[in-house]
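The next block holds one structure in the form of structure tokens; read it before the comments.
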Number of protein chains: 2
Amino acid sequence: MTAKPKILLAEDDENLGQLLHTYLQSKGYEVTLARNGKKAFQSFTAGNYTFCIFDVMMPEMDGFTLAKEIRELDKKIPILFLTAKAMKEDKLQGFAIGADDYLTKPFSMEELLARLEAILRRVEGPSKSADEQLMVGTIPYEPELRVLHLKDGSKKLTTKENQLLHLLVKNEREILDRQSTLRAIWGDDNYFNGRSMDVYIAKLRKLLKEDPSIEIMNIHGKGFKLIIK
Amino acid sequence: MTAKPKILLAEDDENLGQLLHTYLQSKGYEVTLARNGKKAFQSFTAGNYTFCIFDVMMPEMDGFTLAKEIRELDKKIPILFLTAKAMKEDKLQGFAIGADDYLTKPFSMEELLARLEAILRRVEGPSKSADEQLMVGTIPYEPELRVLHLKDGSKKLTTKENQLLHLLVKNEREILDRQSTLRAIWGDDNYFNGRSMDVYIAKLRKLLKEDPSIEIMNIHGKGFKLIIK
DNA sequence: ACTTAGGCTTAACGTTTTTTAACAGCGGAC
DNA sequence: GTCCGCTGTTAAAAAACGTTAAGCCTAAGT
């Protein structure tokens, strides 16, 4: 329903820029990468963006100046700044311009994504990306509705089943680290929560075995990995 | 066109509080003045505000804690903080919570007004605010009047039914945290209030089942989520 | 004062979801 | 191969939730 959000990314460091570009694209965003503030501004005036991510330190035009110019044109577009150091002065200046959030390097991709999505939720409000339909192998899966459409009828997933499956699917073919997962879903990674997670893995395997090409593989001592053969 | 914005002002200093109250009223705003964070929170849950101005230092509950509680219930309402000193730490903490602006005492009335209106422009933009008619799926709902327009006649909601439904609707597709909700509506989150809330969820489900695309989903151990399919 | 009606809470019971326990099998280190 | 910690699975126990109805309080009417 809601279109793919268009992100304007301004970052002069080639490596980081490419990395972010690729990562955000892989998460379903349309991304334009600009190597300096001037180019970013040009892109902004040309395209129709829903979100900005600006490095503070850039040649030609720094992130703050860029943001100020853009604020002139769009009072509401969310802006997230990236900066090399935890410079409080900068941080304040950023917020004064109307930043929506602020990330200090180094940061993890996940953290960036989390903040980005938090802001989008806050901004887009009710009408956010909702009814996305994913596929687990040949099985349709609607994480928002917590429903798995099996051959013999739709199965409503419980909260935990859904959280775990959603994580697996979002990280298909990647290792889902045990500890992180426990902290993400159970809030704490003690022994018992670990066993609880194993129980849920077993439940999911049972549910998904109608499609034999689906495998939830255990990586001994690390975590699990969802594989579609 | 747009109704008079309702401002929630939390300020423990009698003089400043009165001054601001009078000034903002004279500028056409409807203002509620609370003398401490606790009272402010109560007022917030009772009324339907469009803007918050909180003093950071207050007895009972400080401005940040207050803001955090309120952010649980309303992700988007603008919050502007007032503080005695230019404490950068505080400033950052405030923005992290989701402050929209920040004013250091002493400040001029004009400056406050300017910032306030700048934020309102930024926020109101599209066409939000006010006490109008909402839709729950296909069912018209007027929270101010506490009326739900069902197919077979209008149903007048009780206070609690209305508070809970209103919260659910304002947070559509977001988790309504059990604890925050209990504190907001029941004032305290003990076991029995929890059960009471469950009773009201059941009531609402029954009322809303005329539209099968509406679901009040339980998030086990967390709270509830209103979903329109 | 007495009664009534409405609204909220408490109780009770059934159901679902999650955790804990128990035991069997596996995997890598030695 | 042997040992020990990790995983797979199932079942029982515990916690959370869903629902209905009875009880309780308060405010309004008589």
Side-chain angles (χ1 to χ4, degrees), chain A residues 145-148 153-168 175-209 214-227, chain B residues 45-46 145-148 154-168 175-209 212 214-227:
Chain A
L145 298 179
R146 305 193 335 195
V147 171
L148 209 47
S154 292
K155 163 77 182 166
K156 278 186 97 159
L157 301 177
T158 74
T159 306
K160 286 264 181 331
E161 287 167 351
N162 187 57
Q163 287 176 295
L164 187 52
L165 179 57
H166 198 178
L167 270 186
L168 282 167
I175 290 185
L176 198 57
D177 177 66
R178 215 186 170 88
Q179 284 206 84
S180 325
T181 307
L182 282 171
R183 278 199 293 272
I185 299 183
W186 276 265
D188 173 32
D189 70 328
N190 58 37
Y191 171 76
F192 287 115
N193 286 339
R195 294 327 322 274
S196 199
M197 173 167 165
D198 290 329
V199 171
Y200 276 93
I201 290 287
K203 281 184 209 271
L204 290 181
R205 285 193 179 124
K206 201 181 280 187
L207 278 174
L208 297 174
K209 72 164 173 264
I214 298 171
E215 183 183 354
I216 299 180
M217 179 186 286
N218 173 255
I219 315 297
H220 198 91
K222 288 276 185 299
F224 295 92
K225 199 201 275 196
L226 175 64
I227 290 189
Chain B
T45 59
L145 300 176
R146 308 196 334 198
V147 172
L148 208 48
S154 292
K155 163 78 182 164
K156 186 141 202 225
L157 301 176
T158 72
T159 308
K160 287 261 180 336
E161 286 168 350
N162 187 57
Q163 285 178 294
L164 188 52
L165 180 57
H166 198 180
L167 271 185
L168 282 167
I175 292 182
L176 198 57
D177 177 68
R178 219 186 167 89
Q179 284 206 93
S180 322
T181 308
L182 282 171
R183 278 200 296 274
I185 300 184
W186 276 265
D188 173 31
D189 70 328
N190 56 38
Y191 170 78
F192 287 113
N193 286 340
R195 293 328 320 275
S196 198
M197 173 166 165
D198 289 330
V199 171
Y200 276 92
I201 290 287
K203 281 183 210 270
L204 290 181
R205 285 196 178 123
K206 200 182 278 186
L207 280 174
L208 297 174
K209 73 164 174 266
I214 298 172
E215 183 183 355
I216 299 181
M217 180 186 284
N218 172 255
I219 315 298
H220 197 97
K222 286 275 183 299
F224 295 91
K225 190 156 84 163
L226 175 64
I227 289 191

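Residue numbers begin at 1 in each chain, while the letters A, B, ... track the order of the sequences.
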Can you check whether [X] has a side-chain N or O nearer than 4.0 Å to OP1 or OP2 of [N]?
X	N	result
B/K206	D/dT20	yes
A/W186	C/dT18	no
B/T159	C/dC8	yes

For [X], report the nucleic acid contact type (base, sugar-phosphate, nothing); a contact means any heavy atom under 4.0 Å.
X	result
B/N218	sugar-phosphate
A/Y191	nothing
B/T158	sugar-phosphate

Distance-only, no hydrogens or angles: does the B/S196 side chain make a donor-acceptor pair with backbone N or O of B/F192 under 3.5 Å? no
Round to a whole Å and report the spacing from [atom1] of [X] to [atom2] of [N].
X	N	atom1	atom2	answer
A/R178	D/dG5	CZ	C1'	12 Å
A/I216	D/dT9	CD1	P	10 Å
A/M197	C/dT17	CE	C1'	18 Å
A/K156	C/dT16	NZ	P	12 Å
B/K203	C/dG6	NZ	C1'	10 Å
B/Y200	C/dT10	OH	P	11 Å
A/F224	D/dC6	CZ	P	13 Å
B/L182	D/dA16	CG	C1'	14 Å

Return the [atom1] to [atom2] distance between [X] and [Y], rounded to the nearest 0.5 Å.
X	Y	atom1	atom2	value
A/I219	A/R178	CD1	CZ	11.5 Å
A/I185	A/Q163	CD1	CD	5.0 Å
A/K222	A/Q179	NZ	CD	10.5 Å

Closest to the [X] side chain: [options]?
X	options	value
B/K160	C/dT19, C/dC13, C/dC8	C/dC8
A/H220	C/dG27, D/dC17, C/dC8	C/dG27
B/R205	D/dG18, D/dT9, C/dT9	D/dG18
A/R195	C/dC8, C/dT10, D/dT7	D/dT7
A/V199	D/dC6, C/dT20, D/dC17	C/dT20
B/N193	C/dT9, C/dT17, C/dT20	C/dT9

Do A/K156 and B/E215 sit within salt-bridge range, that is, some charged N less than 4.0 Å from a carboxylate O? yes
